[in-house]
Amino acid sequence: MKRGVRTPAPSNEQLAGGGLQRRVEALLARMTLEEKVGQLAQYSVGTPTGPGTGRSDYETLVRAGAVGSMLNVVGAQETNRYQRIALEQSRLKIPLLFGFDVIHGYRTTMPIPLGMAASFDPALVEQAMHLAATEAAAEGIRWVFSPMVDIARDPRWGRVAEGSGEDPFLGAAMARAYVRGYQGPSLSESTSVAASVKHFAAYGGAEAGRDYNTVDMSEVSLRQTYLPPYQAAIEAGSATLMSAFNTLNGVPATANAHLLTDILRGEWGFNGFVVSDWTAVAELRNHGIALDGPSAALKALSAGVDMDMESHLYAPELPRLVREGKLSQAVVDKAVRRVLRVKFALGLFEHPYVDEKVAAYVATPEKRELARRLAEESIVLLENKGGVLPLSPGRKVALVGPLADAPVDMLGTWNGKGDPRDVVTLRAALEHRLRGTPGALRHARGTEVLSADSSGFAEAVAAARASDVVIAALGEDTNMSGEAASRTRIELPGNQLQLLEALAATGKPVVLIVFSGRPLALTEAQRQVAALVQAWQPGIEAGPALANLLWGDVDFSARLPITFPRSLGQVPLYYNHLNTGRPAGQTDLTRPASNGVEKYVSRYLDERNTPLYPFGHGLSYTSFDFSPPQPSAPSLQARAVREQRGEVLRVKTQVRNAGARPGTVVAQLYLRILGTSLAQPVRQLVGFQRVTLAPGESRELEFPLGFQELSFFDARATRVVEPGTRYELWVGDSSEATRHASFTME
C-alpha cells in the first residue's frame, strides 16, 4: 500500500452484502473444479472483433457448465434459448451472463461518446444510458462493455471516438454518468445492466496513435491523467472492469498485478470481476511474456483477470495447473466468487428469462426526443464568420456532400443494434423543413468520402450557384474511426477538400458540417468556409438536431472535449500540458527566425504551437461575460486540506448573457499550482456548469474545491498538497479563459 493511501470501502456495496456472500459460498461449495473454471470462461457466438477460437459447440459447453458468460447473443429468443439449456440441462443450473458492446445506445443510437462528452451534460448522458440499459435488458443482455474511459490525446487513434476526450476531470464526470445510467439504483432491477469500465489501463496512450500499441509513461502521469476516470467509474459502483490490450511500462495489462491487484483492488476496493479483452489472454504469447497457453492463463489469472474472453485458455489449462500444483485453487475460488457475486446481484437466479412477446422496437417520440436533445447538445459550432448562422427563412439552400444523406454513417462506430432505417438524415430533415417552397433545396453528392473522382463537382457547383447558401456535409464514414481504425492522415479524406474549394469559389457562403469520429486537421477547410460545425456521428436524430441548430430553433451549447490541431505534425496536442523552461510566446510562429521571431524557444519552425480550436471551445448565437473568479479565502492551510478531504474552498463568478438571444454556456474553471515539488500542468479543469440565460440575465455560479482538486501526485506517486504553493484560477468558456484570480497554500 502506498504511503498516504487509505484502506477503502468496497467500491460496489451491492456486491458486498452478507446474504449475497452466503449464497455465493453455498454454491461454490457444490462446484467441481471444472465447473468453477467454467464460470471464468466467456465465448462469443460469431467472431466480430477478432480471430476467435473457431468453436461452435456452445450448447454442449453450456450443458457441461463450461461457460459462465456469452457475448454477441442478441434477441430475447436467443438469450432465452441458451439460458434454458443452462438452467434445465446443466448440473448446477447457474444462469449465463450475456454481454454485448452497448457503447452509445442499444437500438436507439445516440451520438458517439466523444460527441456526448461535448455536451458537458452528465445528467443527460446518464438518462441516455439508462435508455440503452432498458433496451438491452429487455432482450436478455445484462452486461455491457462500456463505458470506455480511456484518456486520448492523439486523434490518430481511432478509438478516440469511444471515449470522452483528453481531460481527466470531464472524463471522470462522464464515467460516473455512464455507470449510474447503466446500473441504476439497483443491479437487480429488470432495467439495469452491469457496466464494464474499460480498458484498464492507459490504452488511450498508445504510441503513434496505433491501436493495440505499446504504452510507456511514468507512474505520476498514469495516476494524475489516465487513472481518474477509471477510479470515478469504480467509485460509482461499476460491477465489472475490462483489462486492456496494451502493455504498460513493459507489462501487458492482462497480466499486470500492479494495476489489477495493487491499485484496483488494494487501493480502490473494487469487488466486482475483471474480464479480459477479446483473446487478450492468448495474446500474452505475442507480447513475449508467456511461452505457451498454460503460462499465459497462469499469469493472467494470478494478476487478477477473472474471466477469459474468447481465448479458450482458462477452461483447458486452469484445472491442469491446479492439479499440478502450479496454481492455488484458492486463486480460482476467489475469481469465481467475484463472478457469482455479480450474477446474484443482477437477480439472474430469480429472473433468468426475458419476455419474448415484447412488441417490436419502435423509435418512439420519447426516444427520439432524447436522442435529438443529446445530439443538439453534442454538436459544436466552431466558426461563424459574419454571423452567417442562424440561417434565415426563405433562403435557398444547396446541400452538398457524401454525408448529407448517409444513414449508416450517422450511427457511428460500435452502434450496437442500431438500424439505419431509424436514422433521419440531414437531407430528410431539410426536405421536411423546406417543404412547400419550390427550389428551396438542391441536393448533390459531389463526391464520395474516399473518392478521387471529381466528375460530380459540376453538379454540386451548379447547385451552389443557384442557391443563397451552401451546406457542405463532409468528413469520415463510420468505418474510419473506432477500433482498428487508426489513421496517419487526419485531414478531410479523399477529394473532399477540393470539392469544398470548388464550392467556396462560387462566392456563396459555405457552412461546413464535419461528421467524424475524431478531431480532424481542418486548417485548410476552415479558410474556405463562413461557418464550421463539428457534428461527430450524431445518431438517429442527426438531421433534425442539425436543422434545429442551423436555423436557430436551438442554440449551440456544445464545447470541445478534445483539442483540434492545426496540422498532424502538432500531434499529440492537448491543453493540460507541462510548461517548458523556454516556452514560446504568442508571436506568429510560421515566420522564419530571420524575420524577427525568436528561435531558441519550444516551438516549430513551420507551424504555430497553438491549436486550431482549443479544449472547451464552442460558439453560441449569443455572447457571455464572466467576472473574475473569487475564492472564498485568500489562503488555505495544507494540513487542514489533507485532513478534511471534503470541500474546503468555493470559487464564485458572475456570468452574464451579453447578447440579444437566450443561450447556454458551459462555464469552466481551470487551475494551476505553482511552487510545487513536481511540475504541474499549465492548466487543468476542476469544474464546469451548463447555464442557460436570457438576454441580459446574470447568474452567480459557485464551484466547490476539495482535496481531490487541490492535490497532485508527487515524485513518489502519492497524492499531496504542499505548503508554500500558489494556486492560479481562470474562469471562462474554454481552456483559454482569461478571467483570473489566485490564492495560496500555507
Can you name the residues that form a ring-ring contact (aromatic ring centres under 6.0 Å, His included) with [X], not counting sequence neighbours?
| X | result |
| --- | --- |
| Y226 | none |
| H617 | Y613 |
| Y178 | none |
| F200 | Y230, W268 |

NZ/NE/NH1/NH2 to OD/OE distance under 4.0 Å, [X] and [Y]:
| X | Y | answer |
| --- | --- | --- |
| E431 | R427 | yes |
| E377 | R690 | yes |
| K417 | E139 | yes |
| D419 | R107 | yes |

Check residues 530-550 and write down every donor-acceptor pair under 3.5 Å in which the side-chain atom is one partner and the other belongs to a residue at least two apart or another chain.
unit_1 : atom_1 : unit_2 : atom_2 : d
Q534   : NE2    : S516   : OG     : 3.0
W536   : NE1    : S378   : O      : 2.9
E541   : OE2    : R368   : NH1    : 2.7
N548   : OD1    : R433   : NH2    : 3.3
N548   : ND2    : E376   : OE2    : 2.9
N548   : ND2    : P544   : O      : 3.3

Once side-chain contact (heavy atoms from CB on, under 4.5 Å) is applied, do any residues pair with [X], and if so which ones, sequence neighbours excluded?
| X | answer |
| --- | --- |
| R445 | P402, H443, E448 |
| D154 | R156, V571 |
| A472 | L474, L500, L503, V510, L512 |

Do you see a donor-acceptor pair shorter than 3.5 Å between the side chains of [X] and [Y]?
| X | Y | result |
| --- | --- | --- |
| Q570 | Y604 | no |
| Y212 | E483 | yes |
| E135 | T108 | yes |
| T109 | N415 | no |
| E283 | T254 | no |

Looking at side-chain heavy atoms only, is the closest gap between [X] and [Y] below 4.5 Å?
| X | Y | value |
| --- | --- | --- |
| S164 | P561 | no |
| L71 | Y43 | no |
| F615 | E166 | yes |

Scan for side-chain hydrogen bond (donor to acceptor under 3.5 Å, both in side chains) pairs involving residues 111-132, sequence neighbours excluded, and state none if there are none. none

Once salt bridge (charged side-chain N to carboxylate O under 4.0 Å, His left out) is applied, what residue pairs with a partner in residues 510-521 remain, sequence neighbours excluded? E476-R518

Holding to salt bridge (Lys or Arg N to Asp or Glu O under 4.0 Å), I want the full list of residues that pass it with D277, two or more places apart in sequence or in another chain. none

For D477, salt bridge (Lys or Arg N to Asp or Glu O under 4.0 Å) partners two or more places apart: none

Y670 and ring-ring contact (aromatic ring centres under 6.0 Å, His included): which single residue from F688, Y575, F169 fits? Y575

Enclosure of E207 CD (heavy-atom neighbours >12, cutoff 6.0 Å): yes

Is there a side chain to side chain donor-acceptor pair (under 3.5 Å) between T240 and S196 once you walk through the steps? CA-CA 5 Å; T240 77; S196 184; 3.1 Å; yes

